[in-house]
Amino acid sequence: MKKGNCIKNILKYINHYFVFFLLVAFVITCCTMLFVSILADTISITLSESDISAAAKITFWNVALLSLIFTMFDTVRRKLTVERPVKRITDAAEKIIQGDFSVRVKPQSKFAVDETFNRVIDCFNKMAEELGSVETLRTDFIANVSHEMKTPLAVLQNYGTLLQTPDLPEEKRIEYAKGITNGSRRMADMMTNILKLSRLENQQIYPQVSEFDLGEQLCECLLQYENVWEKAEIEIETDIAESVKVKADAELLSHVWNNLFSNAFKFTPAGGTIRVTLTATEHHAVVKVSDTGCGITPEVGAHMFEKFYQGDTSRSVQGNGLGLALVKRVVDIMQGEISVESTLGKGSVFTVKIRRA
(Lines give C-alpha, C1' and ligand atoms only; values in the text may rest on other atoms or scores of the structure.)
Protein backbone atom coordinates (compact mmCIF):
# COMPACT_ATOMS: atom_id res chain seq x y z
CA MET A 1 0.00 0.00 0.00
CA LYS A 2 2.82 2.39 0.92
CA LYS A 3 4.77 1.45 -2.22
CA GLY A 4 1.74 2.21 -4.37
CA ASN A 5 1.30 5.60 -2.69
CA CYS A 6 4.99 6.37 -3.20
CA ILE A 7 4.80 5.59 -6.93
CA LYS A 8 1.64 7.67 -7.19
CA ASN A 9 3.38 10.62 -5.52
CA ILE A 10 6.42 10.33 -7.82
CA LEU A 11 4.16 10.30 -10.88
CA LYS A 12 2.34 13.32 -9.51
CA TYR A 13 5.60 15.26 -9.10
CA ILE A 14 6.80 14.28 -12.59
CA ASN A 15 3.48 15.39 -14.04
CA HIS A 16 3.75 18.65 -12.11
CA TYR A 17 7.24 19.17 -13.49
CA PHE A 18 6.37 18.48 -17.12
CA VAL A 19 3.15 20.45 -17.11
CA PHE A 20 4.51 23.57 -15.46
CA PHE A 21 8.30 23.87 -15.50
CA LEU A 22 8.92 22.50 -19.01
CA LEU A 23 6.29 24.91 -20.28
CA VAL A 24 8.17 27.69 -18.52
CA ALA A 25 11.44 26.47 -20.09
CA PHE A 26 9.89 26.54 -23.56
CA VAL A 27 8.48 30.05 -23.11
CA ILE A 28 11.79 31.37 -21.74
CA THR A 29 13.67 29.78 -24.67
CA CYS A 30 11.36 31.39 -27.20
CA CYS A 31 11.74 34.77 -25.49
CA THR A 32 15.52 34.40 -25.41
CA MET A 33 15.69 33.51 -29.12
CA LEU A 34 13.51 36.47 -29.97
CA PHE A 35 15.78 38.73 -27.93
CA VAL A 36 18.92 37.31 -29.68
CA SER A 37 17.38 37.78 -33.13
CA ILE A 38 16.43 41.40 -32.43
CA LEU A 39 19.87 42.05 -30.90
CA ALA A 40 21.60 40.53 -33.95
CA ASP A 41 19.59 42.69 -36.33
CA THR A 42 20.32 45.78 -34.25
CA ILE A 43 24.11 45.34 -34.25
CA SER A 44 24.17 43.90 -37.80
CA ILE A 45 25.34 40.41 -36.92
CA THR A 46 24.29 37.52 -39.13
CA LEU A 47 23.42 34.31 -37.27
CA SER A 48 23.20 31.02 -39.11
CA GLU A 49 20.35 28.60 -38.59
CA SER A 50 22.71 26.15 -36.89
CA ASP A 51 23.89 28.86 -34.46
CA ILE A 52 20.31 29.74 -33.51
CA SER A 53 19.41 26.03 -33.17
CA ALA A 54 22.41 25.35 -30.92
CA ALA A 55 21.71 28.42 -28.76
CA ALA A 56 18.04 27.43 -28.44
CA LYS A 57 18.92 23.88 -27.37
CA ILE A 58 21.48 25.08 -24.83
CA THR A 59 19.04 27.66 -23.41
CA PHE A 60 16.20 25.16 -23.25
CA TRP A 61 18.17 22.47 -21.45
CA ASN A 62 19.74 25.00 -19.06
CA VAL A 63 16.30 26.30 -18.13
CA ALA A 64 14.96 22.74 -17.92
CA LEU A 65 17.81 21.73 -15.59
CA LEU A 66 17.31 24.79 -13.39
CA SER A 67 13.55 24.20 -13.31
CA LEU A 68 14.15 20.58 -12.28
CA ILE A 69 16.39 21.72 -9.42
CA PHE A 70 13.85 24.30 -8.32
CA THR A 71 11.11 21.65 -8.58
CA MET A 72 13.00 19.43 -6.15
CA PHE A 73 13.51 22.28 -3.73
CA ASP A 74 9.85 23.29 -4.07
CA THR A 75 8.74 19.69 -3.48
CA VAL A 76 10.70 19.50 -0.24
CA ARG A 77 9.43 22.94 0.78
CA ARG A 78 5.81 21.99 0.13
CA LYS A 79 6.28 18.71 1.97
CA LEU A 80 7.54 20.47 5.08
CA THR A 81 5.52 23.68 5.07
CA VAL A 82 2.22 22.70 3.43
CA GLU A 83 1.52 18.97 3.25
CA ARG A 84 2.71 18.14 6.76
CA PRO A 85 0.50 20.73 8.61
CA VAL A 86 -2.43 19.96 6.29
CA LYS A 87 -2.12 16.25 7.08
CA ARG A 88 -2.01 16.98 10.82
CA ILE A 89 -5.14 19.11 10.54
CA THR A 90 -7.03 16.53 8.44
CA ASP A 91 -6.02 13.69 10.81
CA ALA A 92 -7.32 15.71 13.76
CA ALA A 93 -10.54 16.51 11.86
CA GLU A 94 -11.11 12.79 11.21
CA LYS A 95 -10.77 12.11 14.94
CA ILE A 96 -13.35 14.81 15.68
CA ILE A 97 -15.69 13.20 13.12
CA GLN A 98 -15.30 9.96 15.07
CA GLY A 99 -16.32 11.75 18.28
CA ASP A 100 -12.94 12.47 19.89
CA PHE A 101 -13.23 16.15 20.85
CA SER A 102 -10.08 16.11 22.99
CA VAL A 103 -7.80 16.22 19.95
CA ARG A 104 -5.63 19.32 19.51
CA VAL A 105 -3.15 20.32 16.79
CA LYS A 106 0.23 21.68 17.87
CA PRO A 107 1.20 24.98 16.23
CA GLN A 108 3.88 24.83 13.55
CA SER A 109 7.38 26.14 14.09
CA LYS A 110 7.59 29.72 12.92
CA PHE A 111 10.75 28.95 10.93
CA ALA A 112 9.99 28.85 7.17
CA VAL A 113 6.27 28.30 7.81
CA ASP A 114 3.37 30.40 6.61
CA GLU A 115 1.72 31.95 9.68
CA THR A 116 -1.64 31.35 7.99
CA PHE A 117 -1.44 27.70 9.01
CA ASN A 118 -0.93 28.65 12.65
CA ARG A 119 -4.02 30.86 12.47
CA VAL A 120 -5.97 27.96 10.96
CA ILE A 121 -4.64 25.63 13.68
CA ASP A 122 -5.58 28.12 16.38
CA CYS A 123 -9.14 28.38 15.04
CA PHE A 124 -9.32 24.59 14.70
CA ASN A 125 -8.29 24.07 18.33
CA LYS A 126 -10.85 26.63 19.51
CA MET A 127 -13.53 24.87 17.45
CA ALA A 128 -12.58 21.50 18.94
CA GLU A 129 -12.72 22.99 22.45
CA GLU A 130 -16.17 24.48 21.81
CA LEU A 131 -17.45 21.22 20.32
CA GLY A 132 -16.15 19.36 23.37
CA SER A 133 -17.94 21.80 25.67
CA VAL A 134 -21.18 21.48 23.68
CA GLU A 135 -20.96 17.69 23.78
CA THR A 136 -20.38 17.76 27.54
CA LEU A 137 -23.34 20.12 28.02
CA ARG A 138 -25.51 17.93 25.80
CA THR A 139 -24.61 14.80 27.75
CA ASP A 140 -25.18 16.54 31.09
CA PHE A 141 -28.42 18.05 29.80
CA ILE A 142 -29.82 14.65 28.79
CA ALA A 143 -28.71 13.10 32.08
CA ASN A 144 -30.28 15.94 34.07
CA VAL A 145 -33.55 15.83 32.13
CA SER A 146 -33.76 12.08 32.67
CA HIS A 147 -33.06 12.50 36.37
CA GLU A 148 -35.51 15.36 36.82
CA MET A 149 -38.31 13.47 35.07
CA LYS A 150 -37.95 10.46 37.34
CA THR A 151 -39.37 12.26 40.39
CA PRO A 152 -42.68 13.51 38.90
CA LEU A 153 -43.14 10.23 37.02
CA ALA A 154 -42.66 8.29 40.27
CA VAL A 155 -45.17 10.59 41.99
CA LEU A 156 -47.73 10.07 39.22
CA GLN A 157 -47.22 6.32 39.33
CA ASN A 158 -47.56 6.14 43.11
CA TYR A 159 -50.70 8.28 43.26
CA GLY A 160 -52.16 6.37 40.33
CA THR A 161 -51.60 3.09 42.20
CA LEU A 162 -53.15 4.53 45.39
CA LEU A 163 -56.23 5.67 43.48
CA GLN A 164 -56.87 2.05 42.54
CA THR A 165 -57.30 1.11 46.22
CA PRO A 166 -60.82 -0.31 46.85
CA ASP A 167 -63.13 1.68 49.16
CA LEU A 168 -60.82 4.71 49.07
CA PRO A 169 -62.14 7.59 51.24
CA GLU A 170 -63.23 10.68 49.34
CA GLU A 171 -60.70 12.97 51.01
CA LYS A 172 -57.86 10.59 50.09
CA ARG A 173 -59.09 10.34 46.51
CA ILE A 174 -59.05 14.15 46.24
CA GLU A 175 -55.60 14.31 47.83
CA TYR A 176 -54.15 11.75 45.43
CA ALA A 177 -55.83 13.38 42.44
CA LYS A 178 -54.27 16.71 43.45
CA GLY A 179 -50.90 14.98 43.69
CA ILE A 180 -51.29 13.70 40.12
CA THR A 181 -52.33 17.15 38.93
CA ASN A 182 -49.35 18.82 40.62
CA GLY A 183 -46.94 16.24 39.27
CA SER A 184 -48.25 16.57 35.72
CA ARG A 185 -48.15 20.36 36.00
CA ARG A 186 -44.53 20.20 37.13
CA MET A 187 -43.63 18.01 34.16
CA ALA A 188 -45.46 20.37 31.80
CA ASP A 189 -43.62 23.37 33.25
CA MET A 190 -40.32 21.56 32.92
CA MET A 191 -40.95 20.69 29.26
CA THR A 192 -42.03 24.26 28.55
CA ASN A 193 -38.88 25.68 30.13
CA ILE A 194 -36.66 23.13 28.38
CA LEU A 195 -38.22 24.08 25.04
CA LYS A 196 -37.85 27.80 25.70
CA LEU A 197 -34.26 27.42 26.86
CA SER A 198 -33.36 25.21 23.91
CA ARG A 199 -34.87 27.66 21.43
CA LEU A 200 -33.13 30.59 23.10
CA GLU A 201 -29.75 28.83 23.14
CA ASN A 202 -30.12 27.90 19.46
CA GLN A 203 -31.29 31.45 18.68
CA GLN A 204 -34.59 30.21 17.24
CA ILE A 205 -36.38 32.94 19.20
CA TYR A 206 -35.45 36.34 17.84
CA PRO A 207 -36.22 39.41 19.95
CA GLN A 208 -39.20 41.46 18.81
CA VAL A 209 -37.81 44.81 19.94
CA SER A 210 -40.19 47.59 20.91
CA GLU A 211 -40.04 50.62 23.18
CA PHE A 212 -42.07 50.41 26.39
CA ASP A 213 -42.22 51.68 29.96
CA LEU A 214 -40.25 49.27 32.14
CA GLY A 215 -41.86 50.50 35.38
CA GLU A 216 -45.33 49.61 34.10
CA GLN A 217 -44.18 46.14 33.12
CA LEU A 218 -42.62 45.53 36.54
CA CYS A 219 -45.86 46.56 38.29
CA GLU A 220 -47.96 44.32 36.06
CA CYS A 221 -45.72 41.31 36.70
CA LEU A 222 -45.61 41.97 40.45
CA LEU A 223 -49.38 42.27 40.75
CA GLN A 224 -49.75 38.70 39.45
CA TYR A 225 -48.37 37.53 42.82
CA GLU A 226 -50.79 39.58 44.96
CA ASN A 227 -52.56 36.49 46.27
CA VAL A 228 -49.22 34.92 47.16
CA TRP A 229 -47.92 37.81 49.26
CA GLU A 230 -51.28 38.37 50.95
CA LYS A 231 -51.56 34.69 51.89
CA ALA A 232 -48.00 34.60 53.29
CA GLU A 233 -48.30 38.08 54.82
CA ILE A 234 -45.18 39.21 52.98
CA GLU A 235 -44.53 42.95 52.93
CA ILE A 236 -43.94 44.48 49.50
CA GLU A 237 -41.78 47.59 49.12
CA THR A 238 -41.39 49.33 45.76
CA ASP A 239 -39.34 52.27 44.57
CA ILE A 240 -39.96 52.45 40.83
CA ALA A 241 -38.80 55.48 38.86
CA GLU A 242 -41.27 56.89 36.37
CA SER A 243 -40.90 57.11 32.58
CA VAL A 244 -37.96 54.73 32.32
CA LYS A 245 -38.26 53.38 28.80
CA VAL A 246 -36.28 50.51 27.30
CA LYS A 247 -36.03 48.97 23.85
CA ALA A 248 -36.38 45.23 24.27
CA ASP A 249 -38.62 42.23 23.70
CA ALA A 250 -41.38 42.79 26.26
CA GLU A 251 -42.53 39.15 26.29
CA LEU A 252 -39.04 37.74 26.83
CA LEU A 253 -38.25 40.34 29.47
CA SER A 254 -41.43 39.47 31.37
CA HIS A 255 -39.99 35.95 31.84
CA VAL A 256 -37.07 37.53 33.69
CA TRP A 257 -39.25 39.42 36.18
CA ASN A 258 -41.68 36.51 36.67
CA ASN A 259 -38.83 34.12 37.48
CA LEU A 260 -37.13 36.55 39.85
CA PHE A 261 -40.41 37.37 41.64
CA SER A 262 -41.35 33.68 41.83
CA ASN A 263 -38.01 32.80 43.42
CA ALA A 264 -38.26 35.70 45.85
CA PHE A 265 -41.69 34.58 47.07
CA LYS A 266 -40.60 30.94 47.15
CA PHE A 267 -37.65 31.55 49.46
CA THR A 268 -39.05 34.37 51.62
CA PRO A 269 -40.72 33.11 54.80
CA ALA A 270 -44.09 34.36 56.05
CA GLY A 271 -43.81 37.88 57.42
CA GLY A 272 -40.72 38.64 55.34
CA THR A 273 -40.12 41.54 52.97
CA ILE A 274 -39.59 41.74 49.20
CA ARG A 275 -38.34 44.98 47.71
CA VAL A 276 -38.41 45.95 44.00
CA THR A 277 -36.58 49.05 42.79
CA LEU A 278 -36.10 50.63 39.38
CA THR A 279 -33.53 53.36 38.80
CA ALA A 280 -32.08 54.87 35.65
CA THR A 281 -28.51 55.74 34.72
CA GLU A 282 -27.42 57.48 31.55
CA HIS A 283 -27.33 54.28 29.52
CA HIS A 284 -29.10 51.61 31.60
CA ALA A 285 -32.27 50.84 33.50
CA VAL A 286 -31.33 49.07 36.74
CA VAL A 287 -33.83 46.71 38.39
CA LYS A 288 -33.17 45.22 41.83
CA VAL A 289 -35.26 42.44 43.38
CA SER A 290 -34.33 41.81 47.02
CA ASP A 291 -35.80 39.51 49.63
CA THR A 292 -35.30 38.58 53.28
CA GLY A 293 -35.23 34.87 52.58
CA CYS A 294 -32.74 32.14 53.40
CA GLY A 295 -29.95 33.56 51.22
CA ILE A 296 -27.32 31.52 49.39
CA THR A 297 -23.68 30.61 49.89
CA PRO A 298 -20.94 31.84 47.50
CA GLU A 299 -20.60 28.26 46.20
CA VAL A 300 -24.27 28.14 45.24
CA GLY A 301 -24.11 31.65 43.78
CA ALA A 302 -21.32 30.59 41.42
CA HIS A 303 -23.55 27.93 39.82
CA MET A 304 -27.09 29.24 40.19
CA PHE A 305 -27.43 30.31 36.54
CA GLU A 306 -26.57 26.80 35.31
CA LYS A 307 -29.28 24.50 33.97
CA PHE A 308 -30.92 22.20 36.54
CA TYR A 309 -28.80 23.57 39.38
CA GLN A 310 -30.70 23.82 42.65
CA GLY A 311 -28.91 25.08 45.72
CA ASP A 312 -31.71 24.37 48.18
CA THR A 313 -32.61 20.72 47.64
CA SER A 314 -35.27 20.88 50.35
CA ARG A 315 -37.32 23.12 48.03
CA SER A 316 -36.48 21.37 44.76
CA VAL A 317 -40.00 20.02 44.50
CA GLN A 318 -41.15 23.58 43.78
CA GLY A 319 -38.88 24.05 40.77
CA ASN A 320 -36.73 22.36 38.18
CA GLY A 321 -33.57 24.46 38.14
CA LEU A 322 -34.28 26.01 34.73
CA GLY A 323 -35.74 29.37 35.72
CA LEU A 324 -32.50 31.25 36.39
CA ALA A 325 -30.79 29.64 33.39
CA LEU A 326 -33.66 30.99 31.29
CA VAL A 327 -33.30 34.42 32.94
CA LYS A 328 -29.55 34.52 32.21
CA ARG A 329 -30.05 33.59 28.56
CA VAL A 330 -32.75 36.23 28.02
CA VAL A 331 -30.62 38.94 29.66
CA ASP A 332 -27.67 37.95 27.47
CA ILE A 333 -29.82 38.18 24.34
CA MET A 334 -30.91 41.65 25.43
CA GLN A 335 -27.19 42.53 25.85
CA GLY A 336 -27.84 43.25 29.50
CA GLU A 337 -26.22 42.17 32.76
CA ILE A 338 -27.42 40.18 35.76
CA SER A 339 -25.72 39.66 39.10
CA VAL A 340 -26.60 38.46 42.57
CA GLU A 341 -25.50 39.45 46.06
CA SER A 342 -26.53 37.29 48.96
CA THR A 343 -25.90 36.67 52.63
CA LEU A 344 -26.77 33.29 54.07
CA GLY A 345 -29.74 33.62 56.41
CA LYS A 346 -30.43 37.25 55.49
CA GLY A 347 -31.58 37.27 51.87
CA SER A 348 -30.54 37.96 48.30
CA VAL A 349 -30.48 40.88 45.87
CA PHE A 350 -30.70 40.25 42.12
CA THR A 351 -29.63 43.16 39.93
CA VAL A 352 -30.53 43.38 36.23
CA LYS A 353 -29.24 46.08 33.89
CA ILE A 354 -31.04 46.70 30.59
CA ARG A 355 -30.06 49.30 28.00
CA ARG A 356 -32.36 52.31 27.92
CA ALA A 357 -34.16 53.41 24.78
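The structure displayed is predicted, hence computed values, not measured ones. Side-chain atoms are counted along with the backbone in the values below, which use heavy atoms only and exclude waters and symmetry mates. For this chain, numbers begin at 1 and follow the sequence in order.
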Spacing of [X] atom [atom1] and [Y] atom [atom2] [to the nearest 0.5 Å]:
X	Y	atom1	atom2	value
L324	N263	CG	CG	5.0 Å
R329	H255	CZ	NE2	14.0 Å
I274	F267	CD1	CZ	11.5 Å
K266	C294	NZ	SG	10.5 Å

Least distance between heavy atoms, [X] atom then [Y] atom:
X	Y	value
L168	L162	CD2-O, 3.8 Å
I338	K328	CG2-CD, 3.5 Å
A285	V244	CB-CG1, 3.7 Å

*S254 side chain vs E251 backbone, donor-acceptor pair below 3.5 Å*: yes
*D122 (side chain) donor-acceptor with N118 (main chain) under 3.5 angstrom*: no
Donor-acceptor contacts, no H, no angles, side chain residues 92-101, under 3.5 Å, sequence neighbours left out:
| unit_1 | atom_1 | unit_2 | atom_2 | d |
| --- | --- | --- | --- | --- |
| D100 | OD1 | S102 | N | 3.1 |
| D100 | OD1 | S102 | OG | 2.6 |

*Pairs involving residues 163-177, ordered by first then second residue, that meet side-chain hydrogen bond (donor to acceptor under 3.5 Å, both in side chains) (sequence neighbours left out)*: E170-R173
Without placing hydrogens or testing angles, list every side-chain donor-acceptor pair under 3.5 Å for residues 344-356, not counting sequence neighbours.
| unit_1 | atom_1 | unit_2 | atom_2 | d |
| --- | --- | --- | --- | --- |
| S348 | OG | S342 | OG | 2.8 |
| R356 | NH1 | T281 | O | 2.9 |

Distance-only donor-acceptor hits, side chain of residues 218-241, under 3.5 Å, sequence neighbours excluded:
| unit_1 | atom_1 | unit_2 | atom_2 | d |
| --- | --- | --- | --- | --- |
| Y225 | OH | N258 | O | 2.9 |
| E237 | OE1 | R275 | NH1 | 3.2 |

Residue list, side chain to side chain contact (heavy atoms under 4.5 Å, CB included) with [X], at least two apart or on another chain:
X	value
A250	F212, Q217
N125	R104, V105, I121
K245	E211, D213, A357

*Looking at residues at least two apart in the chain, or sitting in another chain, which of them share a salt bridge (charged side-chain N to carboxylate O under 4.0 Å, His left out) with K87?*
D91
